[in-house]
Each structure stands twice: as C-alpha cells, then as structure tokens.
Amino acid sequence: MTQTLFSIDPLTGEQVGSVAVSNRDSISKKVAKAREAQIDWASQSLQQRVQALQHAYEKLQPLQSNLAQLISREMGKDTRRANYEAGGAIQGGIWLAEDAGKALRGQCNGGSEIQYRPLGVVAVISPWNYPLAMANNLLVPALVAGNSVILKPSEESPLVADLLVKTLNETLPEGILQIAHGDRHTGEALVQSDINMIAFTGSRTTGQQIMTNAAPALKRLVMELGGNDPMIVLASADIQKAAQFAVASSFENAGQMCTSTERIYVDAGIADQFEKAVTSIARQYHTGGWQDLQADIGPLVNQRQHQKVVDHIQDALKKGATLLLGEKAPKPPFIPPTVISGIQPGMQLEDEETFGPVVAIDRFNNVEDAIQRANDSVYGLGAVVFGGADAVQVSNRLQAGMIGINQGAGGTPWVGAKQSGFGYHGGIDGHRQFAQLTVINL
Ligand code: NAD
C-alpha cells in the first residue's frame, strides 16, 4: 500500500498538501530508470548539458512566487526571505550550470589528458531550512557532470521540491532527474540502493548514519553538516557593529541556519556595553507568520525543533545563565527574540547546535580562553571575529572551514571543517566532486 506524506504548515498546523512516499521497491525502480537515462545524458556534450539545464531553469522564472509561497507555507520562512531564496535558486541554477561546465572541462597535463567523467547515479539528500537552495547547489553540478540524480527532499518541505523537479522535467530528458519522497526510511533505502554517490546536506547525526550505510560499497560522499558557530568580540571591536551582527546572525531564518551564530565570547572590558546593545537591538525584532510584513522571526519548523530550543534555554537558566530578553517557556510555534548571558561549557546552548533565535553570550578575561572555547567543539563550520587589527591573529587560530572578520562567514566554496563535513558546495573543487577524475596517458 502506498504511504502518504503530509506537508504541515508550522504556523497553523494545517495540511498544505501531500505526496506519495517512495518505498524500497519504488526506489529500486527509480534507480534502474536513472541508470538507463544516464547513458544518453552522459553521451551529450558538456555544453549541451549546460544549455539543457539553463533552459530548464529559465522555465522556472514565472513560478518564482509559487515556489516562494510553498517555502513559506511548508517551513515558515517570511515572504521576503522566501522570495529571495526562490529567485536566488532560479538565477543560481542558471549560473551554477555555467560555472560547473567550466570546471568540468577536460585538460592536458604534460603527456596526459585529464577527464572529468560522470560517476553514474547521484542521490541528493537535502534539508528543510533552505529547501530550494540546498537542493540546487548539489543537483545542478551533479547533472552537468553527466550523472543522473534522485533528489530526496526533507519530509518537512516536499511540495516545493516537487514543483522544482516537475518544472525542470518539462524540458530535461526523461529519467535524469527524479524525486523520492519520505522521511529517514526513504533516505536510508536510497543510500543503500545501487547508486554511486550521495551528496548530503543536513545534520551531523544523519551524516554519520549515511556514512555507515555508504561504507560497504565505498560510495562517494559529499557531506555538508551542522555547526555550532562561535563569535569572538575583542576589546578593539566596534561594539555597535558587532552587536548588530550578533543579533542578525543569531536570528536569521529564526536561527535555523547552519552558519547562524550560536555562541558569543566577548571581552569582559566591553561586555556590559555589548550586552546592552545586543538586547536593545534584539528587542526590535518581531515574531510573526510569513504573511506578516513586520515579522523578522517566523515559527520554528515543527514542535520537535521548538521543544529542543526551549530545552536549551531552560537548561542554561537552570545551570546559572541569565535571561536578558525572552521567555523561559515560550509556546509553539514561536520563540521570541531571546538573549542569554553567562553561558558555560556543559550547557546545551554552548555545547550543541541549538538552531533557534537565541543570542547566547559569555565574557572572557583572556582571549586564549575565548579561542579555546570557540575551538572546543566537534563542529567547525563557520566562525567569526570582530575586532581591530588583532582580529586577524585570532582568526588564524580558529578551527572552521569558513571564517569572517568583522562580517559573516561563508562564500565559495562553502566548506565545513572537523565534523561539520567534508566536500564543498560550489567552486571548481566543489563541482569536480561529482566526476570521476580520469588520467589518460597519450
Ligand atoms: P536532517 O539530518 O534531520 O535531515 C536532512 C535530510 O536527511 C532529510 O531529507 C532527511 O529525511 C534525511 N535523512 C534523515 N535520516 C536519514 C538517513 N538515515 N539516511 C538518509 N537520509 C536521511 O537535517 P534537517 O533537520 O533537515 O536540517 C538541519 C540540519 O542541516 C542542521 O544540522 C543544519 O546545520 C544542517 N545544514 C547544514 C548546511 C551546510 O551547508 N553545512 C546547510 C543547511 C543545513
């Protein structure tokens, strides 16, 4: 019997729509179809594949607002941000196809030729927090490289992924891009099926499960995982700028961003001023639904995620931290703008990825302690330092794939250190991950 997956609006709890779940049997069929379709797709020239994808993404343009509305309704993002993501995904698809095409051209290397050959069938498994952007970043280069792709979107945002794939398939050759819906069971069945590569964006725990399931056949992996990004504010920092960044980065996408600031260490000499500035900026943020044009912080994606953030807040308060702004027990679906000072190791707010709109602060007397605490994490996605000239030295000692000095972390390629993953989104190195590098002696 076919199972149904319902997409739920986090604001109202209403059903937005439903899709059929892919079971093991239907996944085997999709993989067989993908394998057959891939042969013709790979026989096209690189330029033909780039053009086919660009044409397919151009057809998405009239649907930008439909895509944006689905993002809002499925995961709660406000209209402005959802539109930005949808528009960015469409333009980004066109641009990414071009960029991947450049990276995947063969080259001569002395007496040898280097070719970038397709790997076969690639599973792209994506999260809900940027449901279009995260899927796009991996499926476009995978297809340009001559692979076929099966996308497994998050169970929280199936409808927007469905519209993306259906529209692209109006012009792409049949079978090279398919979708498999469902939760972790579908993801697991896909990883264990006869595919060649898994390009994954999601949590560290799921990344571990995927690695385990990919190990028997040594399937190729790209892992873009979670983070617990630190921010260090030095005594030489512009306090107002640092406070603005701290709030904006902690609250972006209701804190549900992989590189959102999760914990802040501020020099004790400026800590009072910094906390005051942070609290007064944070107070100006409003929670609200996606249609509310005044809202900066939307609902959390689901009750489980909401409860996790409440647990982290309560754990910190129980262990001695101070609530400067916010509520001790906010009710779903919102977490109001929250500022907490006095976080310590051993608190979930400091040790784990919270993924909610919380500015979590502690102060330091010695910058060595701040660097040590910033690095004392299994994660290493992004890290940020605010300060004068001394910020550069501090940044050189931070263990993260992406580091920002007086600004946010992130760029091209998008890369995590330590258990925040391996492999990249974007850039020459990122695109080439989707190909088997082959050396031919001429
Ligand atoms: P998640 O790991 O719960 O789910 C991600 C995807 O994996 C979903 O499609 C899910 O159904 C699937 N999945 C779950 N278990 C699986 C299994 N055993 N095998 C195969 N697939 C499985 O993550 P999420 O809650 O959707 O997303 C939030 C996480 O993603 C956060 O940790 C965030 O930091 C991270 N993230 C990282 C980046 C990055 O670029 N590094 C970007 C966005 C989000």
Side-chain angles (χ1 to χ4, degrees), residues 5 7 10 19 21-22 24 27 74-77 85 123-139 150-158 160-162 179-193 195 197-215 219 221-229 252-262 300-302 304-306 308-309 352-356 377-382 400-402 409-427 430:
L5 170 68
S7 174
V19 291
V21 170
S22 294
R24 271 187 198 266
I27 284 175
E74 292 198 278
M75 58 70 64
K77 195 169 293 191
E85 181 178 348
V124 172
I125 303 182
S126 52
W128 49 265
N129 64 337
Y130 291 87
L132 276 188
M134 293 302 110
N136 242 22
N137 283 341
L138 300 172
L139 74 82
I150 300 176
L151 171 66
K152 209 304 272 166
S154 168
E155 56 274 38
E156 304 289 349
S157 51
V160 67
D162 220 49
I179 194 159
H181 284 298
D183 61 11
R184 66 186 174 84
H185 299 290
T186 303
E188 208 169 271
L190 183 58
V191 171
Q192 290 170 343
S193 70
I195 56 169
M197 178 180 189
I198 302 113
F200 172 68
T201 310
S203 65
R204 171 176 163 266
T205 310
T206 304
Q208 288 169 324
Q209 292 161 2
I210 289 176
M211 278 189 87
T212 305
N213 284 322
K219 289 169 186 157
L221 294 172
V222 170
M223 295 268 153
E224 300 278 6
L225 309 180
N228 187 10
D229 287 12
E252 181 57 32
N253 206 26
Q256 303 168 126
M257 178 172 80
C258 55
T259 49
S260 63
T261 297
E262 292 267 331
L300 281 265
V301 70
N302 56 32
R304 189 167 29 89
Q305 182 55 29
H306 186 275
K308 179 181 168 193
V309 179
E352 298 172 25
E353 182 182 45
T354 300
F355 230 48
S377 172
V378 292
Y379 293 111
L381 193 56
M402 299 176 284
T412 304
W414 186 268
V415 56
K418 303 202 279 187
Q419 293 183 34
S420 286
F422 50 83
Y424 324 88
H425 279 162

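What you see below is based on every heavy atom in this structure, not just the backbone, and it leaves out hydrogens, waters and symmetry mates. Whatever order the structure lists them in is the order used to number ligands and atoms, beginning at 1. In this text the structure is predicted, and so the values were computed from the model without any measurement.
- Using a 4.0 Å cutoff on heavy atoms, Ser154 counts as a contact of ligand 1.
- When each atom of ligand 1 is checked for a heavy atom of Pro153 under 4.0 Å away, the hits are 9 (O).
- The main-chain N or O of Ser22 is found under 3.5 Å from a side-chain atom of Thr186 such that the two form a donor-acceptor pair.
- The nearest heavy-atom contact from the protein to atom 40 (O) of ligand 1 is Trp414 NE1, 2.9 Å.
- Between the side chain of Glu224 and the main chain of Val415, no donor-acceptor pair closer than 3.5 Å is present.
- At a heavy-atom distance under 4.0 Å, only side-chain atoms of Met134, from C-beta outward, approach ligand 1.
- For ligand 1, none of its N or O atoms has an N or O atom of Thr201 under 3.5 Å away.
- Of the protein's non-hydrogen atoms, Pro127 CB, 3.3 Å is the one closest to atom 27 (O) of ligand 1.
- For atom 15 (N) of ligand 1, the nearest non-hydrogen atom of the protein is Arg184 CB, 3.0 Å.
- Taking a cut-off of under 4.0 Å to the non-hydrogen atoms of Glu155, the atoms of ligand 1 that pass are 8 (C), 10 (C), 11 (O).
- Closest to atom 5 (C) of ligand 1, if we only count protein heavy atoms, is Phe200 CE1, 3.7 Å.
- Under 4.0 angstrom from ligand 1, the non-hydrogen atoms of Ile210 all belong to its side chain.
- For atom 13 (N) of ligand 1, the closest non-hydrogen atom of the protein is Thr206 CG2, 3.5 Å.
- Side-chain atoms of Thr212 come within 3.5 Å of backbone atoms of Gln208 as a donor-acceptor pair (strictly under, hydrogens ignored).
- Note on ligand 1: Gly421 sits outside its first shell, no heavy atom being nearer than 4.0 Å.
- Atoms of ligand 1 found under 4.0 Å from any heavy atom of His425, numbered from 1 in the order shown, are 40 (O).
- A donor-acceptor pair under 3.5 Å links the side-chain atoms of Ser420 to the main chain of Gly380, judged by distance alone.
- In plain terms, the two heavy atoms of Asn228 and Glu262 that are nearest each other are OD1-CB, 3.1 Å.
- Every atom of ligand 1 is numbered from 1 in the order shown, and the set under 4.0 Å from a heavy atom of Glu188 is 18 (N), 19 (N), 20 (C).
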For His425 and Leu138: C-alpha separation, side-chain torsions, deciding distance, then whether side chain to side chain contact (heavy atoms under 4.5 Å, CB included) applies. CA-CA 7 Å; His425 279 162; Leu138 300 172; 3.4 Å; yes
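- The shortest N/O to N/O separation between Leu225 and ligand 1 falls below 3.5 Å.
- Glu74 contributes no side-chain N or O that, together with a main-chain N or O of Ser7, makes up a donor-acceptor pair within less than 3.5 Å.
- Gly187 CA, 3.5 Å is the protein heavy atom nearest to atom 21 (N) of ligand 1.
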List the steps and the verdict of side chain to side chain donor-acceptor pair (under 3.5 Å) for Asn213 and Gln192. CA-CA 6 Å; Asn213 284 322; Gln192 290 170 343; 3.0 Å; yes
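- In terms of protein heavy-atom proximity, atom 34 (O) of ligand 1 is closest to Glu353 OE2, 2.6 Å.
- When all heavy atoms are compared, the tightest approach of Trp128 to Met75 is O-CG, 3.4 Å.
- A donor-acceptor contact closer than 3.5 angstrom is absent between the side chains of Arg184 and Gln209.
- Of the listed residues (Val222, Leu190, Ile198, Leu151), just one forms a side chain to side chain contact (heavy atoms under 4.5 Å, CB included) with Val124, and that residue is Leu151.
- For the pair Asn129 and ligand 1, the shortest N or O to N or O distance does not fall below 3.5 Å.
- Within the set Gly207, Ser203, Ala214, the minimum heavy-atom distance to atom 23 (O) of ligand 1 is found for Ser203.
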Give the intermediate values and the outcome of side chain to side chain contact (heavy atoms under 4.5 Å, CB included) for residues Leu225 and Gln419. CA-CA 7 Å; Leu225 309 180; Gln419 293 183 34; 5.8 Å; no
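- Of all the heavy atoms of Ser420, none lies under 4.0 Å from any atom of ligand 1, so neither backbone nor side chain is involved.
- Against a heavy-atom cut-off of under 4.0 Å, Lys152 is close to the following atoms of ligand 1: 8 (C), 9 (O), 10 (C), 11 (O).
- Of all protein heavy atoms, the one closest to atom 26 (O) of ligand 1 is Trp128 CD1, 3.1 Å.
- When all heavy atoms of Ser157 and Pro131 are compared, the closest pair comes out as OG-CB, 3.5 Å.
- The distance criterion of under 3.5 Å between nitrogen or oxygen atoms is not met by Arg204 with respect to ligand 1.
- For the atom pair CD (Glu353) and CZ (Arg204), the distance works out to 10.5 Å, reported to the nearest 0.5 Å.
- Counting heavy atoms closer than 4.0 Å to ligand 1, residue Gln209 contributes side-chain atoms (C-beta onward) but none from N, CA, C or O.
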